[in-house]
Amino acid sequence: MSSAIFIALRRLRAPIIVLILVYAVGMLGMVLIPGRDAEGDPWHMGFFHAFYFISYTAPTIGFGEIPYPFTDAQRLWTTAVIYMSVMGWAYAIASVLALRGDQAFLAALHMQRFAREVRRLAEPFYVVCGFGETGTLICEALDRTRLRVVVVEIDPGRVAEVDLQGFSATVPALTGDARLPGNLLLAGIAHASCRGVLAMTDDDNANLAVAIAVRLLNPSIPVLARSRSGETTANMASFGTDCIINPFTLFGEYLSLLLRAPRVYQLLDRLVGSAASPEIADRAPPRGHWIVCGYGRFGREVVASFDRERVDLTIIDPDPPADSERAVIRGLGTEAEPLRAAGIDAAVGIVAGTDDDVNNLSIAVTARQLKPELYVIVRQNHTANNPLFAAYGADFTVVSRALIAEHCIALVRTPLLGRFIARIKAGDEATGEQMLAQIEQKIGDKKITAWNIALASTSAAAIDRALLTADVAVDALLRDSTRCERLLDAVPLLLVREGKEMLLPQGDFPLQRGDQLLFAGTNESRELQLATLVNSNVLDYVMRGRDIPGGWVWERLARRGPTAG
Amino acid sequence: MNIEKVVFAFFIVLAATLNLGFVYGDIDEPAHHEVYELFAAVVVNLIVTVLKFGDRTHIGAVHLATSLVAVLQLVAASLVWAYAISAGAQGLQPGTIAGIVSLSVGALLANAVSITLLVSETIQLRR
């Protein structure tokens, strides 16, 4: 039995006992008090009649005095019974109604419904812990791509938001602490259809707890966790969290990439970017003197990446940490004075990176007034301020929550993309240039999606079967399955074989069973490729350039064809 | 000491004693079986049943089951009684009272099981 029923029964115990007692006392009184029959002889009511009488008196129906008119003593008792029973019933009904407002009861009902919804999920789904700004963006994106989501969120107000988002599929949401393993199990982390867990709460400790719980309770599914501090990141990495995303580090890496290899950055942006990605101006950040306003966690990452790229900079912060070995100009940067002191006249760019959106905008506006050609990077903390940042039009607006969200979505949908990104981040400008050139030549400006395929008997039955007897090259996967002379708008980016990675495999590269490939291309070409993967006839067609008869009869006829004439 | 358990024990024992008191005597002798005692047994058994609502332990569920059995038996006995004295012309016959008492003996067995559970649970407590 479920806990909601137990809670209801427990709450209703007192009113039911009161009702039983009221009935018992009333009946006993009616039986004991003497009455008179039609002839005026003494008469006692039996228990059966007493029960009948109380039953219609208690709910104030009142059939009258039967079988004989009552004596005054009986009427006195009846008066008492009426008041007692009405109050007893009122108490019972009030208790039932109060149950509707009972928090514990409602919570139990909610949890029960949630557990049932999750249990019945038959499609693959992801568990998202934390429905903040990042969690919302991730859920929206997963929902758009027809993937199911289950949400665990501690704040009931945020859980109510789930219903208001207008998701296309039902999103089961639990109001509860994701740190509790019980809640995670309810959310289905051990469910057969669970494809992964995203720990996206605002609390590093909670994310850590989720990561370790999933690692222990269901080691086969990936965990993506958000982390804000180096310690949490190290801790998560120590027990093998599949992907740890620190928004500030992520931006720091992007910034380094932008300075060092803008083409690689552009490539990343095309592969990972979605509707939520920040607008990037055409020009790359120039080298020269920079000013960084705000030396918090974000500022530190920015400074670190500038240092990596050996860019000269000055920091402005109202309250610099004592352990800083750098010279810091005190101030917010919202007025002209500290900006001049930091050398804005000689500067080429400014980073407004405090944790206050209004201050960041104020810094950016002041800086542009002082020097209009400045390259401005602004950090946006809340998506609610979108209109302000859009109106300002910085060269680069960093929305850390959107950054994490799109990164997570890309990694969740295409696990190989994570390896690819790690690989090319370390790579140089030439690699990026080469890949971008291929992508631009084949796909042009069309919207790119990245997908991976595994050459296994389940996901690519046709190729798997063909590989047993013949050689199949990468080229077979790049041909249009409706017109084999046409090439798909797709580029093979990465091939993984027995743990070894190979960038940009060529068309004549022979495939092996168990290979994993990462492609970038249009959605349309992805679907055309799917046909080649699973249908042997289509595969034969794209490999030999002609239709092979399918079915037993046509195969026999085709074999006979040449001899028959 | 758990006051809830003590109250429950009180009612369980009371239900069994009332039941036994009603049953005690010659099975077909109406004068040996007091209707007030049957009434009290029904009421106390009902209260025992309700007291066990919402206990999620296994032993709690078994208690609820035995109490329900006792209530069913006793209600059946009372219905037979009510029918005999209202609809039957001759009043309470020895055969009818025997039927009523045998139904109540069934309830007594259920109550005995309840008491056994209660005693074993109490012995396990050891404090």
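All values below come from the heavy atoms of this structure, side chains included, with hydrogens, waters and symmetry mates left out. The sequence lines fix the lettering, A, B, ..., with proteins before strands; numbering per chain opens at 1.
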* Asked: So which part of A:Leu28 gets closer than 4.5 Å to some heavy atom of chain B, the side chain, the backbone, both or neither?
  -> both
* Count the heavy-atom pairs under 4.5 Å between each of B:Thr49, B:Val35, B:Leu79, B:Leu38 and chain A, then report the option with the highest count. => B:Val35
* **More than 12 heavy atoms of other groups within 6.0 Å of A:Trp89 CH2** => no
* Asked: For A:Arg13 and B:Phe53, which heavy atoms make the closest approach, and how far apart are they?
  -> NH1-O, 3.1 Å
* Would the number of heavy atoms belonging to other residues, nucleotides or ligands and lying under 6.0 Å from CZ of B:Phe8 be above 12? -> yes
* **Shortest non-hydrogen contact from B:Phe39 toward A:Ala24** => CZ-O, 3.3 Å
* Asked: Taking all atoms of both residues into account, what is the closest heavy-atom pair of B:Tyr36 and A:Val31, and its distance?
  -> OH-CG1, 3.2 Å
